[in-house]
S.K.: 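So that we are looking at the same thing, I have put the structure below in structure tokens.
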Number of protein chains: 2
Amino acid sequence: MQKQNFLTKNQQIIFDLIDKSPEPMKAYAILFNVQKKGIKAPLQVYRALDKLVEIGKIHKIESRNAFIACHNSSCQVAKATAFSICEICEKVTEISSSGLSKYLANFKDKDGMKYSKYNLEFFGLCKKCR
Amino acid sequence: MQKQNFLTKNQQIIFDLIDKSPEPMKAYAILFNVQKKGIKAPLQVYRALDKLVEIGKIHKIESRNAFIACHNSSCQVAKATAFSICEICEKVTEISSSGLSKYLANFKDKDGMKYSKYNLEFFGLCKKCR
DNA sequence: TTTCTAATGTTATATTATTACATAATGTTA
DNA sequence: TAACATTATGTAATAATATAACATTAGAAA
């Protein structure tokens, strides 16, 4: 069913909702919003979210259990993510810094372990909240 | 009650348990383990965890909802954390690289936003699982 | 067309975390 | 020390997040 860039019906509904949201959305907020479109159960939401994360269309903000659309053309797959999070207004922005991503992609620890994926969350105060 | 380095009874019990564990512990696993010591309710666990995180004695692995003791003398406060996580055996190691921490502590995004805190999680395969 | 895989629908339940309220212990200041 | 403030504790109930299990359907692949 799923081929390359095509989203299924549920995936598309849920992606569109997240993509339009100015802030990260939580799973049950998504569920509430899509119930009128026939998506009735948590599992339907979580399955779509899992797939969307897997193909890099959305990212999960782990510290907030929330999801945002990817606006970074370079991350087609969710293997290198960085976000800034305002601790007051909870605004989340995806960081795209080639310096940062190069540094982290090449980072090796003492064991020489090389990583296939990373997620970085910065916390602070955004312009408005400072 | 709480002053500087002194842990309260519940905090000490829960810290000791996490500190002895070779792997990250989840809140309800902790609860199960400390019930014989009189800690009976989830909230008692979560309150101790919150405090221990706040003072930097333990860290939360956000992607796993689990907690590990801090073994990094430099992070007395939980404001700069980095971990490597094996995606097969789920082994988690705290990374202490002064290069990495310097790089991230000084990182500024385009807006010039400076961060007070960050958390980085690397994923890959550990030596044994490769 | 047959078979395989991925997605869906549905119910129930597991896991993670917090609210609300009462009490007790310690710290602080007059 | 007495009065007050602050932090920690105890307890019950419930909210929020996420998954298991099973049946069905849609599309891809042979």
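The sequence lines fix the lettering, A, B, ..., with proteins before strands; numbering per chain opens at 1. Computation of the quantities below employed the complete heavy-atom set of this structure, encompassing side-chain atoms and omitting hydrogens, waters and symmetry-equivalent molecules.
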S.K.: So for Tyr28(B) and dA17(C), does any side-chain atom that can act as donor or acceptor lie under 3.5 Å from a complementary atom in the base?
M.R.: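 Donor-acceptor pair under 3.5 Å: yes.
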
S.K.: Check this one for me: any side-chain N or O of Asn65(B) less than 4.0 Å away from OP1 or OP2 of dA17(C)?
M.R.: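 Yes, within the criterion.
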
S.K.: Between Leu43(B) and Tyr46(B), which is nearer to the 5' end of DNA chain C once each is assigned its nearest nucleotide?
M.R.: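 Mapping each residue to its closest nucleotide by heavy atoms, the 5'-most match is Tyr46(B).
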
S.K.: It should be established whether Gln44(A) places a side-chain nitrogen or oxygen under 4.0 Å from OP1 or OP2 of nucleotide dT8(C).
M.R.: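 No, no such contact exists.
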
S.K.: For DNA chain D, whose closest nucleotide is more 5', that of Pro42(B) or that of Gly38(B)?
M.R.: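 Its nearest nucleotide being more 5', the pick is Gly38(B).
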
S.K.: What's the CG-C1' distance between Asn10(B) and dT11(D), to the nearest Å?
M.R.: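 Nearest whole value for this atom pair: 13 Å.
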
S.K.: Which nucleotide sits closest to the side chain of Arg47(B): dT10(C), dA18(D), dT9(D)?
M.R.: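 Of the options given, the side chain of Arg47(B) lies nearest dT9(D).
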
S.K.: Over how many whole Å does the gap from Leu7(A) atom CG to dG27(D) atom P extend?
M.R.: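 Interatomic distance, CG of Leu7(A) to P of dG27(D): 15 Å.
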
S.K.: Against Val45(A), only a single residue in Ile13(A), Leu31(A), Asn33(A) fulfils side-chain contact (heavy atoms from CB on, under 4.5 Å); can you say which?
M.R.: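 Exactly one option meets the side-chain contact (heavy atoms from CB on, under 4.5 Å) with Val45(A), and it is Leu31(A).
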
S.K.: Tell me whether the OP1 or OP2 atom of dT9(D) has a side-chain N or O from Thr8(B) closer than 4.0 Å.
M.R.: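 For dT9(D), OP1/OP2 do have a side-chain N/O of Thr8(B) under 4.0 Å.
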
S.K.: Calculate, to the nearest 0.5 Å, the distance between atoms CD1 and CZ belonging to Ile14(B) and Arg47(B) respectively.
M.R.: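 Ile14(B) CD1 to Arg47(B) CZ: 10.5 Å, rounded to 0.5 Å.
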
S.K.: When you measure from the side-chain N and O atoms of Lys51(B) to the phosphate of dA8(D), is any distance below 4.0 Å, counting only OP1 and OP2?
M.R.: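 Yes.
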
S.K.: Nearest whole Å is fine: how far is dT16(C) C1' from Lys26(A) NZ?
M.R.: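 In whole Å, dT16(C) C1' lies 11 Å from Lys26(A) NZ.
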
S.K.: What I want to find out is whether Arg64(B) reaches Glu90(B) closely enough, with some N-O distance under 4.0 Å, to be called a salt bridge.
M.R.: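 Yes, Arg64(B) and Glu90(B) are salt-bridged.
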
S.K.: Looking at Lys9(A), does any N or O in its side chain come under 4.0 Å of the phosphate oxygens OP1/OP2 on dA7(C)?
M.R.: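 Answer is no, no contact under 4.0 Å.
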
S.K.: If only side-chain N and O atoms of Lys40(A) are considered, is one of them under 4.0 Å from the OP1 or OP2 phosphate oxygen of dT10(C)?
M.R.: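 So the side chain of Lys40(A) is within the cut-off, an N or O lying under 4.0 Å from OP1 or OP2 of dT10(C).
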
S.K.: Round to the nearest Å and state the distance from Leu49(B) atom CG to dA17(C) atom C1'.
M.R.: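 Interatomic distance, CG of Leu49(B) to C1' of dA17(C): 11 Å.
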
S.K.: Distance check needed: dT16(C) P versus Asp50(B) CG, whole Å only.
M.R.: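 So the two atoms are 15 Å apart, to the nearest Å.
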
S.K.: Taking CD from Glu62(B) and P from dA18(D), how many angstroms apart are they, rounded to a whole number?
M.R.: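 Value for this atom pair: 12 Å.
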
S.K.: Does any donor atom in the side chain of Glu121(B) or Asn119(B) lie under 3.5 Å from an acceptor atom in the other side chain?
M.R.: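 There is such a pair (donor and acceptor under 3.5 Å, judged by atom type) between the side chains of Glu121(B) and Asn119(B).
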
S.K.: Take atom CE of Met25(B) and atom P of dA17(C), then tell me their distance rounded to the nearest Å.
M.R.: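 For the pair Met25(B) CE and dA17(C) P, the rounded distance is 14 Å.
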
S.K.: Hunt down the Watson-Crick or G-U wobble partner of dA30(C), both distances under 3.5 Å, from any strand shown, or write none.
M.R.: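 Base partner found: dT1(D).
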
S.K.: Can you list the steps and then say if Phe83(B) with Phe122(B) is a ring-ring contact (aromatic ring centres under 6.0 Å, His included)?
M.R.: CA-CA 6 Å; Phe83(B) 306 96; Phe122(B) 280 109; over 10 Å; no

S.K.: What is the distance from CD of Gln12(B) to P of dT7(D), rounded to the nearest Å?
M.R.: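 These atoms are roughly 20 Å apart.
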
